[in-house]
Amino acid sequence: PGTPRPGRPLWQEVTVAFASALRMTLYSVLRAIPFLILFFVPVVNVVAPLLWAAFGAWMLALQYLDYPLGNHGIDFREQRLAHRADRARTFGFGFAVLLLTFVPVLNFVAMPAAVIGATALAVERRRPSAAG
């Protein structure tokens, strides 16, 4: 699992990519709804923007890391397992991207910087560890 499948026909690649994108969309929508409801709960709505920002950072990380991981045949289900195992770095990456989008002028380079960062993080994760 998680290795490119060079012998797979194009229609299978498209089907797998579409299914993975659909899973990611469902994942994000099903988690966004409870966060949105928090905005209507008295007292809790004070921290709702912070929780929404944390959720946004997590989703940015998942979106940007999907491209390099998907190019190596890793579907969304496998990606989630990798992100769960390295939660702090995944969230840290997403939070850095989110902060970069808040800064005027720097937000113009946020997208290319996030693509570069996601690729570097994905390559680093795929590299065998020195201990093993």
Side-chain angles (χ1 to χ4, degrees):
T3 58
R5 293 154 185 96
R8 197 160 51 183
L10 180 61
W11 69 269
Q12 283 183 335
E13 288 291 336
V14 170
T15 304
V16 169
F18 183 75
S20 186
L22 186 60
R23 277 190 210 97
M24 182 180 288
T25 301
L26 288 173
Y27 176 89
S28 61
V29 167
L30 292 176
R31 282 155 182 79
I33 292 170
F35 282 114
L36 288 172
I37 291 172
L38 291 178
F39 281 93
F40 298 102
V41 178
V43 181
V44 177
N45 63 358
V46 173
V47 295
L50 298 175
L51 295 173
W52 184 256
F55 173 70
W58 182 255
M59 291 311 301
L60 278 171
L62 294 186
Q63 284 290 327
Y64 280 108
L65 285 165
D66 178 54
Y67 298 115
L69 296 175
N71 284 341
H72 288 282
I74 302 172
D75 71 350
F76 185 64
R77 203 173 288 144
E78 293 175 82
Q79 289 179 30
R80 279 196 355 235
L81 294 174
H83 300 322
R84 190 175 299 144
D86 198 11
R87 205 172 280 176
R89 279 200 314 175
T90 301
F91 182 73
F93 168 71
F95 190 68
V97 173
L98 183 68
L99 286 179
L100 192 59
T101 63
F102 287 157
V103 180
V105 182
L106 284 182
N107 58 3
F108 291 121
V109 298
M111 188 180 296
V115 170
I116 293 167
T119 303
L121 183 56
V123 168
E124 186 177 316
R125 281 184 181 171
R126 290 181 54 86
R127 187 176 301 140
S129 66

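This structure is a prediction, so every number in the text was calculated from the model and none was measured.
Between the side chain of Ser28 and the backbone N or O of Met24 there is at least one donor-acceptor pair closer than 3.5 Å.
Interatomic distance, Leu10 CG to Thr15 OG1, rounded to the nearest 0.5 Å: 9.0 Å.
Under the side chain to side chain donor-acceptor pair (under 3.5 Å) criterion, Thr90 pairs with Arg125, sequence neighbours left out. Remark: Arg89 engages Asp86, Glu124 in a side chain to side chain donor-acceptor pair (under 3.5 Å) (not counting sequence neighbours).
Two rings, from Trp58 and Phe55, have their centers 6.0 Å or more apart.
No side-chain heavy atom of Asn45 sits less than 4.5 Å from a side-chain heavy atom of Phe40. In this structure the side chain of Gln63 never reaches within 4.5 angstrom of the side chain of Asp66, judged on heavy atoms.
Contact between Val115 and Thr119 at its shortest, heavy atoms only, is O-OG1, 2.8 Å. Here the shortest heavy-atom pairing between Leu100 and Ala110 reads CD2-CA, 3.5 Å.
Surrounding CZ of Phe35 are more than 12 heavy atoms belonging to other residues, nucleotides or ligands, all under 6.0 Å away. By the 6.0 Å contact criterion, CZ on Phe39 is enclosed, its count of non-hydrogen atoms from other residues, nucleotides or ligands being greater than 12.
Every pair passing ring-ring contact (aromatic ring centres under 6.0 Å, His included) that includes a residue from residues 76-103 is listed here, sequence neighbours excluded: Tyr27-Phe76.
Under the 4.5 Å side-chain heavy-atom criterion for Ile, Leu, Val, Met, Phe, Trp and Tyr, Val123 and Val97 are members of distinct hydrophobic clusters.
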